[in-house]
Number of protein chains: 2
Amino acid sequence: MGKTRTSIRDVARESGVSLTTVSLVLNKNDARISDATRQRVLEAMEKLAYTPSRLARGLPNRRANTLAVLVPQLQHAFADVYFGELISGIYEAAVDRGYRIILEVARREYIRRKEYMTLLEDCSVDGILFLGATEEHRWLSEFDGTDKPLLIVNNHFSQWNLHSVVCDYPAAGRLAADYLADLGHTHIGHICGPRGMVRTSEELTDAFIERLGERGIRLSERQIVDGQFLVETGKIACDELLARNPKLTAIFAANDKMALGAYQSLRGVSKAPGADVSVLGCDDIPTAALADPPLSTIRMNFVEVGAASCRRLLDVIEGKESPEKMNQRIPVTLVERGSCHSVEGARR
Amino acid sequence: MGKTRTSIRDVARESGVSLTTVSLVLNKNDARISDATRQRVLEAMEKLAYTPSRLARGLPNRRANTLAVLVPQLQHAFADVYFGELISGIYEAAVDRGYRIILEVARREYIRRKEYMTLLEDCSVDGILFLGATEEHRWLSEFDGTDKPLLIVNNHFSQWNLHSVVCDYPAAGRLAADYLADLGHTHIGHICGPRGMVRTSEELTDAFIERLGERGIRLSERQIVDGQFLVETGKIACDELLARNPKLTAIFAANDKMALGAYQSLRGVSKAPGADVSVLGCDDIPTAALADPPLSTIRMNFVEVGAASCRRLLDVIEGKESPEKMNQRIPVTLVERGSCHSVEGARR
DNA sequence: TAATTCTGGTAAAGCATTTTACCCCGCCGC
DNA sequence: GCGGCGGGGTAAAATGCTTTACCAGAATTA
């Protein structure tokens, strides 16, 4: 029993047509087929509970109908909400268009052996979405000027011509600046991302400083400290910030994790986050809403970034795309919660 | 250029042997081949930078060297840390054994069409890991008594004979009971998981109650309220718990999210979590450590659960496993942070 | 009525492997 | 000197589908 799976051949026999016809129906390459025939074929499929083999389908035209999600080697990358949200969005967009996704981690050995190329060459996947790209990932240059289907998710590179989709970080920076300025803050600190590593993060910081300048508030170098996007480094950065500028009334962190680190730092010197010093984050990770006080932040819809990235990559793959690798920007919004207050209204 | 990828045929021509020979060498099915020939073939491969096509390889022997990670349809499942950690563990174990993983969401339509079966039948994957299984997932019965390679991750079913790997929930329940009892608590509340839905969660609750009983502390039904494992439902459950038993000095929640909901509930009635009422969680999600006060909890190593699950499934697939579907239990540990205090030492 | 164009469909050649016979040849034992 | 055997290979079928011709017959045109 179950000797061999039911194949297109069985469907053909059952419905009394040729293999070709079945295949055409299957591929919705229907135009040439009459309604009656199509119907018969579909019924036969239903009756035999036929499901085409992905493997066999891919062979002739060298398409796997699969995308790879590639992440850098970090401690349990898939457990990170940031990647998780991106992946959720990617998954949904992929399924919508009939694609599957596989997960890959770019370990050192993986890079050395150029496995990402093998992936494309052995027809395992039709395209690659790279998450968490930083300036460290020099191997991306191999894709510069290539028409290979690789897309950088939520970062970009000025030195190379690669496809990418990013959040509107400059807008986020301006949003943050306006918000804090509107609240009357003038002594503002900023915890930025690691220097020279992530373009988007630098755009955020640049736009923040510039807009603040336009509003008549100058941020000196002393009011900016960098962190590695982690809670611990956010805490350390905030410690430094407070030591340098005891009169700060507001802090803007380049991501929520560092903002939560700032909470810890403030408590360490007996200041109440939100009440004594306003804290504004960026990203809107789930933990932000759970913090005490709930963290106000700039919401980046990472699920949407993932989905948009995936759609664009598929456009490239399916040739629905003009050859220029234009970059797309996903809009951001301000989420007011309890961690920012106007200067006058602040406690004490 | 690059008209057609270099195939096994090119290697055969280059090294002057037959397709078969190349294939045999490729598959380390070497016994019959002389060293000299093997060497020649390997050199040809190297020279031509040949990489076999995964697609084509899978066709004849119906093996994909791929595993599917299947999750129920939840809002952005992959963004959930719980699933994320499991997936990280799964990924690592899979890579170690030369397997890839694909992601799948079991939507309603997916179930109706039995796509999980298709997955196995069309040779897309060699096995399935199902995360987030509850009693609602009746379709799992199709795998009962089957030798199909499906494994339930971190839950199990008494009514069906399925492979599974779970955390040691009974041990967790005992750990929690002993800890709170040791701290001198006698008025204890418990927020359990949804009733009749998740076996492991019930084991946790049962063991908790039983051990508490052994320590002379009886938990009445009034001291137990269920939640849906979410922050909001944890808050609601805790509200109810406090309304019923104003004198509670400790609360044990079946997961960290609900414990954090309890924090919110307590604050709502002006009680300080940790100080006025001890709160103990379960899981040890990253947010637990960030909460204020940091949440004491039972650590379940989900990354390890994922890895162990994957290894077991691969054993089954590769026939390294005795036919009995024995269940495996991953040990748990208590993580003391700031949210539990002894009764005497409590504030007020 | 003959020539042309559709319409609906089919045969067959791939696609890149694995795997199952089967084959040739030299050597051994008798 | 011959049957048997084993080492080292190979030819060819099979895997399940796509796609490119190509082909009847009907409808339309000239």
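Here is the naming used below: chain letters follow the sequence lines, and residue numbers restart at 1 for every chain.
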Asks: Which residue is it: B:V305, B:D80, B:N154, B:L86? I am looking for the one with a side-chain contact (heavy atoms from CB on, under 4.5 Å) to B:L131.
Replies: B:L86
Asks: Just to verify, what does B:F130 make a ring pair (Phe, Tyr, Trp, His ring centres under 6.0 Å) with, not counting sequence neighbours?
Replies: B:H137, B:W139
Asks: Can you tell me if the side-chain N/O atoms of B:R57 get under 4.0 Å from OP1 or OP2 in C:dT18?
Replies: yes
Asks: Applying side-chain hydrogen bond (donor to acceptor under 3.5 Å, both in side chains), can you list everything that pairs with A:S23, at least two apart in sequence or on another chain?
Replies: A:N27
Asks: Side-chain N or O of A:N61 versus OP1/OP2 of D:dC17: is the shortest distance under 4.0 Å?
Replies: no
Asks: Rounded to whole Å, please give me the gap between CG in A:L26 and C1' in D:dG16.
Replies: 11 Å
Asks: Going by heavy atoms closer than 4.0 Å, what residues in residues 33-50 of chain B are next to DNA chain C?
Replies: B:Y50
Asks: Please state how far atom CZ in B:R9 lies from atom C1' in C:dC15, giving the value in whole angstrom units.
Replies: 10 Å
Asks: If I take atom CG in residue A:L55 and atom P in nucleotide D:dG16, what distance separates them, rounded to the nearest angstrom?
Replies: 10 Å
Asks: Between C:dT17, D:dG16, D:dT18, which nucleotide has the shortest distance from any of its atoms to the side chain of B:S7?
Replies: C:dT17
Asks: Listed by chain and number, what are the salt bridge (Lys or Arg N to Asp or Glu O under 4.0 Å) partners of A:R311, not counting sequence neighbours?
Replies: A:E304
Asks: Provide, to the nearest angstrom, the distance between the CG atom belonging to A:L59 and the P atom belonging to C:dA13.
Replies: 18 Å
Asks: Roughly how many Å is it from CG in A:L24 to P in C:dT10, rounded to a whole number?
Replies: 10 Å
Asks: Looking only at heavy atoms, what is the nearest atom pair of A:D144 and A:Q159, with distance?
Replies: OD2-O, 4.3 Å
Asks: Partners of B:R13 by salt bridge (Lys or Arg N to Asp or Glu O under 4.0 Å), sequence neighbours excluded?
Replies: B:D10
Asks: Check DNA chain C against residues 13-23 of chain A and give the residues with a non-hydrogen atom under 4.0 Å, in numerical order.
Replies: A:V17, A:S18, A:T20, A:T21
Asks: With A:E104, which residues qualify under salt bridge (Lys or Arg N to Asp or Glu O under 4.0 Å), at least two apart?
Replies: B:R100
Asks: How long is the line joining CZ of B:R54 and C1' of D:dT15, in whole Å?
Replies: 18 Å
Asks: Mind checking what makes ring pair (Phe, Tyr, Trp, His ring centres under 6.0 Å) contact with A:F83, not counting sequence neighbours?
Replies: none
Asks: Can you list the residues that meet the ring pair (Phe, Tyr, Trp, His ring centres under 6.0 Å) rule with A:Y82, with sequence neighbours excluded?
Replies: A:F302
Asks: Nearest of C:dT17, C:dC15, D:dC17 to any side-chain atom of B:S53?
Replies: C:dT17
